[in-house]
Number of protein chains: 2
Amino acid sequence: MTQIPQLDIKDLTVFTDDTSEAPAQAAQFLKSLAHRDRLKLLCSLVENEVSVSELEEKLGISQSAVSQHLLKLKTEGVLKSRRDGRQIFYSIADPLVLDIVSLLYARFCAAGDT
Amino acid sequence: MTQIPQLDIKDLTVFTDDTSEAPAQAAQFLKSLAHRDRLKLLCSLVENEVSVSELEEKLGISQSAVSQHLLKLKTEGVLKSRRDGRQIFYSIADPLVLDIVSLLYARFCAAGDT
DNA sequence: GACAAATATTATAGAAATTTAATATGTCAA
DNA sequence: TTGACATATTAAATTTCTATAATATTTGTC
């Protein structure tokens, strides 16, 4: 079981402090995840690395779109890539997204989808 | 300690299933959080309910902007509101956001902000 | 080297989100 | 009921995001 770190409420002042860049950084991180197809891509990568063409076929998204979504996630540090011959394999670089995807799954799939 | 539900990897096919609306719903939920000022608002509400004018002053955001951000979060079910006289107090309606904010805090505030 | 496969990049048009300003609504107090 | 306060709504301008198409780059094979 992954544990969500206990939140000391007082610490949240860091988030409302005017000078901190944390809220903007956190927002940018969330934005990189906040797209239907990017969430699908991430879920396809939970188990293991997958090549771009496989993702393309699996999700039915155009080559260009997949490539651009993957770039955005990689730029944000969420994904990493590895070349093998002509193919490029993407995988999850930041375990934090697994926690978030897990929470989203519990809310949007597990519960009301029976 | 809040627990993140254990993720059965196989279940994620729900997320990549073409017909499921879960990825779009989850993306919309994330989008409602993915804004610097909305994250600040949420953090201001972690402890207890706060009135609109207090939020306005605390975060230095215009009245209209605060109101519109709050509306978006309320529409998404993240916040709820209660009127008391002329004032309207907002509070967190969905505990899921606490988990997410907690994860974001651990990443973007606690770690590299020393 | 020429060609095909896999992926990335660029350009751009369209859609959505954000900001700001102005106006409207609801509530209280005199 | 009038005026002031608190919040919401609307509208318009701007910015950001997305989708699509076209082109470019890299790699392997012949």
Side-chain angles (χ1 to χ4, degrees), chain A residues 18 21 23-42 44-45 48-93, chain B residues 18 21 23-42 44-45 48-93:
Chain A
D18 242 3
E21 308 230 331
Q25 292 171 345
Q28 199 188 343
F29 174 79
L30 282 184
K31 270 187 203 170
S32 76
L33 309 182
H35 186 287
R36 186 195 56 185
D37 294 340
R38 286 197 292 275
L39 283 179
K40 287 186 178 183
L41 287 169
L42 289 174
S44 302
L45 295 172
N48 40 43
E49 62 176 16
V50 182
S51 73
V52 176
S53 49
E54 284 177 288
L55 291 169
E56 206 180 312
E57 181 190 13
K58 181 172 185 181
L59 301 188
I61 310 171
S62 77
Q63 186 270 314
S64 180
V66 169
S67 186
Q68 288 179 77
H69 285 311
L70 292 172
L71 174 64
K72 180 165 297 193
L73 291 166
K74 188 181 172 185
T75 299
E76 192 55 40
V78 170
L79 297 182
K80 61 188 174 190
S81 66
R82 170 182 80 81
R83 179 182 281 276
D84 180 14
R86 297 179 193 170
Q87 304 197 107
I88 294 185
F89 289 86
Y90 280 82
S91 58
I92 290 182
Chain B
D18 243 1
E21 308 228 331
Q25 293 172 344
Q28 199 190 340
F29 173 79
L30 282 185
K31 271 186 204 172
S32 76
L33 309 182
H35 186 286
R36 187 195 54 185
D37 294 340
R38 287 197 291 276
L39 284 179
K40 287 186 178 183
L41 287 170
L42 290 174
S44 302
L45 296 171
N48 40 43
E49 64 176 14
V50 182
S51 73
V52 177
S53 48
E54 283 178 288
L55 292 168
E56 207 179 313
E57 182 190 12
K58 180 171 184 180
L59 302 188
I61 308 170
S62 78
Q63 187 270 315
S64 179
V66 169
S67 186
Q68 288 179 76
H69 285 311
L70 291 172
L71 174 64
K72 180 165 297 193
L73 290 167
K74 188 181 173 185
T75 300
E76 191 57 39
V78 169
L79 296 182
K80 61 189 174 192
S81 65
R82 170 182 80 81
R83 177 182 282 276
D84 179 16
R86 299 178 192 170
Q87 305 197 105
I88 294 186
F89 289 86
Y90 279 81
S91 58
I92 291 181

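Labels below follow one simple rule: chain letters A, B, ... track the order of the sequence lines, proteins then strands, and each chain is numbered from 1.
With D:dA8, C:dT10, C:dA8 as the candidates, the nucleotide lying closest to the side chain of A:Ser64 is C:dT10. When the nucleotides D:dT20, C:dT19, D:dA8 are ranked by their closest atom to the side chain of B:His69, C:dT19 comes out on top. Side chain of B:Gln68, nearest nucleotide from D:dT20, D:dT7, D:dT10: D:dT10.
For the pair B:Leu39/A:Leu30, a side-chain contact is recorded, criterion being any heavy-atom separation below 4.5 Å from C-beta on. In this structure, A:Gln87 and A:Ser53 have side chains that are in contact, with non-hydrogen atoms separated by less than 4.5 Å.
Between A:Ser62 and A:Asp84, the residue anchored closer to the 5' end of DNA chain D is A:Ser62, taking for each the nucleotide with the nearest heavy atom. Between A:Lys31 and A:Ser81, the residue whose closest nucleotide on DNA chain C is further toward the 5' end is A:Ser81.
Taking only distance into account, the side chain of B:Gln63 never meets the base of D:dA6 through a donor-acceptor pair shorter than 3.5 Å. Looking at A:Gln87, its side chain has no donor and acceptor atom pair within 3.5 Å of the base of C:dA5.
Side-chain N/O atoms of B:His35 include one lying less than 4.0 angstrom from OP1 or OP2 on C:dT19. Contact check, B:Arg86 against D:dT7: no side-chain N or O comes under 4.0 Å of OP1 or OP2. Residue B:Tyr90 places at least one side-chain N or O under 4.0 Å from the OP1 or OP2 atom of D:dA8.
Heavy atoms of B:Ser53 sit under 4.0 angstrom from primed sugar atoms or phosphate atoms, though from no base atom. Contact annotation for B:Phe89: no contact, since no heavy-atom pair falls under 4.0 Å across all strands. The residue A:Arg36 sits apart from the nucleic acid: no heavy atom pair falls under 4.0 Å. At the heavy-atom level, A:Lys72 lies under 4.0 Å from the strands shown only through sugar-phosphate atoms.
Atom-to-atom, CD1 of A:Ile88 to P of D:dT27 comes out at 9 Å; the value is rounded to the nearest Å.
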